[in-house]
Number of protein chains: 2
Amino acid sequence: MTDRRYHHGDLRRALLTAAVEAIGESGPGGLGLRDLARRVGVSHAAPVHHFRDKAGLLTALAAEGFELLARSLAETRDRGGDFIDQGVAYVEFAVSHKAHFEVMFRPDLHHADDPDLTAARERAGALLADGVTDEEDPRVAAVAAWSLVHGFATLWNTGALSREHDEDPAAVGRRVAAFLFRRS
Amino acid sequence: MTDRRYHHGDLRRALLTAAVEAIGESGPGGLGLRDLARRVGVSHAAPVHHFRDKAGLLTALAAEGFELLARSLAETRDRGGDFIDQGVAYVEFAVSHKAHFEVMFRPDLHHADDPDLTAARERAGALLADGVTDEEDPRVAAVAAWSLVHGFATLWNTGALSREHDEDPAAVGRRVAAFLFRRS
DNA sequence: GCCCCAAACTTGTCAACGACTAGATACCGC
DNA sequence: GCGGTATCTAGTCGTTGACAAGTTTGGGGC
C-alpha cells in the first residue's frame with residue numbers, strides 16, 4: 001500500500017480483475033465504480049478515464065470473456081475433442097469464470113454494439129458452431145447444442161439444480177451433453 | 001388521475017404490474033423504487049411498506065412468475081401435451097413474460113430463500129420434471145430437457161441468436177426441443 | 001353510530017452512487 | 001530538459017435505496 005504513486009502502472013487491468021472479484025462477491029448489480037476504485041486504491045473518478053462509464057467497464061469484461069471462451073474452445077478443438085468435449089469446455093468456462101459469463105449474456109449491462117465486443121463474440125460463436133457436426137439438420141443441431149450447454153451452465157450457476165447434483169459440474173455436463181447426441 | 005386518494009386500493013398489485021412494465025423497458029437493473037412510485041402516483045416510500053425493499057419486490061415478482069409458469073405447464077399437461085409441448089410452453093412463457101422470467105433466475109436480485117418463492121419454484125419444478133418421461137435415464141433426461149429449453153429461451157431473450165432465426169420463437173423452440181428426443 | 005387501533009401512506013433525511021468538470025501530476029518523444 | 005498529452009485527483013450535482021417519524025384512513029368491537 002505504500003507504493004501509492006500517481007500513475008498506477010496498469011490501472012485498466014487492475015480494475016478489470018477487481019471487477020471480477022467484486023462481481024463474484026455480490027453479482028454484477030452490486031458492482032460499483034467507486035467501490036472498485038477503493039479496492040484498487042485510486043480516486044473515485046479514475047475508472048471513468050479508462051472505461052467511459054460503468055457499462056463501458058462491463059463491455060470490456062464481456063469482450064475479455066468471449067476472448068477467453070474462444071481460446072478455450074480452440075484449445076479443445078486442437079486437442080482433437082469432439083462436440084461433447086466442446087460442450088464440457090463451455091460449461092467449465094461458465095463455471096470457472098462466473099463473473100465474465102454473467103456479464104457476457106446481459107445486453108442490458110454493457111454496450112452490446114461495441115466493436116471489440118462483437119468481434120470477440122463472433123469469434124467464439126464461429127468456434128462454437130464449428131464444433132457441432134450433424135449430418136441431418138446442422139442448423140437446428142447447432143442451436144440445440146448451444147442451448148443445451150448454455151442452459152445447463154446458467155441453471156448450474158444460478159443454483160437452480162445444484163441441490164440434486166452437487167457433483168462436479170463438468171462431469172454432469174458431460175452426461176447431459178452426451179444425452180443430446182445419443183443413438184438408441 | 002383525479003382519484004388520488006390516500007389509500008390506493010390495491011397498491012401492491014399496481015406496483016407489480018408497473019414493475020413488469022419498467023423492467024420490460026430498461027431491464028431489472030434500471031428498475032427503481034422511486035420511479036415505480038412515480039408511475040403509480042404514490043410517494044417514494046410507499047413501495048417499502050408492501051415489499052420490504054427492492055429485492056422484496058423482485059422476490060414477489062419471481063414468485064408470481066413461477067406461479068404463472070406452473071399454471072401454464074399444468075394446462076399443457078391437462079390438454080394431453082407431451083414433452084415437446086411442455087418445452088414449447090416453457091419457451092413461450094419465457095418470451096411472453098420476459099420480465100418475470102429474467103427475475104426468476106437471478107438469485108442476486110431477490111431473496112432466494114423466501115418461503116412463497118421457494119414453494120412456487122418447487123411447484124413449477126415438479127411439473128417440469130413430470131413432463132419428461134424417459135425410460136433409460138430419467139434424471140439426466142430431465143436435466144437435459146430443462147437445460148435445453150431454458151438455454152434456448154435465455155439465448156433468445158438476450159438476442160444472442162435472433163439474428164439467424166427471426167421467426168416465431170415457439171416454432172423454432174419446437175424444432176429444437178424435438179431434436180433432443182429424436183430417434184434416428 | 002362511534003371510537004380506537006392497526007394498516008396504509010407521506011414527508012424528511014442520510015449516505016452512497018454514477019456522471020461530469022476542472023485541475024494536478026508524471027511519463028515520453030523530441 | 002521541455003512541452004504536450006495521457007493519467008489520475010478533487011469537487012460537485014442530481015438521483016437512488018433505506019430508514020425514521022409523523023399523518024391519514026378503514027374497519028372491528030362495543
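Basis for what follows: all heavy atoms, side chains included, without hydrogens, waters or symmetry-related copies. Order of the sequence lines sets the chain letters (A, B, ...), proteins ahead of strands, with each chain counted from 1.
- With dG18(C), dC17(C), dA18(D) as the choices, the nucleotide that has an atom nearest any side-chain atom of L33(B) turns out to be dA18(D).
- Distance from the side chain of D35(A) is smallest for dC17(C) among the nucleotides dA19(C), dC9(C), dC17(C).
- Protein atom CG of L58(A) is 15 Å distant from nucleotide atom P of dC17(C), rounded to whole Å.
- The aromatic rings of F152(B) and W156(B) are tilted relative to each other, their planes meeting at an angle between 30° and 60°.
- Here the two rings, on F101(B) and H97(B), have centers that are 6.0 Å apart or farther.
- When the nearest nucleotides of DNA chain D are assigned to H49(A) and H44(A) by heavy-atom distance, the more 5′-ward of the two goes with H49(A).
- One atom, CG of L11(A), and another, C1' of dC27(C), lie 15 Å apart when rounded to the nearest Å.
- In this structure, R34(A) places its CZ atom 7 Å from C1' of dA16(C), rounding to the nearest Å.
- The shortest distance between the side-chain N/O atoms of R12(A) and the OP1/OP2 oxygens of dA6(D) is not below 4.0 Å.
- Ionic pairing of E64(B) and R13(B) is present here: one or more N-O contacts between side-chain nitrogen and carboxylate oxygen are shorter than 4.0 angstrom.
- Among the atoms of the strands shown, only primed sugar atoms or phosphate atoms (P, OP1, OP2) are found under 4.0 Å from some heavy atom of L31(A).
- With DNA chain C read from its 5' end, the first of the two nearest nucleotides for A45(A) and R38(A) is the one closest to R38(A).
- Between L36(B) atom CG and dT16(D) atom P the separation is 11 Å, expressed in whole Å.
- Centroid-to-centroid, the aromatic rings of F93(B) and F66(B) stay 6.0 Å apart or farther.
- Listed pair H50(A) / dC8(D) meets the phosphate criterion, a side-chain N or O lying under 4.0 Å from OP1 or OP2.
- Summarising the geometry, the separation between CZ on F51(B) and P on dA7(C) is reported as 17 Å, rounded to the nearest angstrom.
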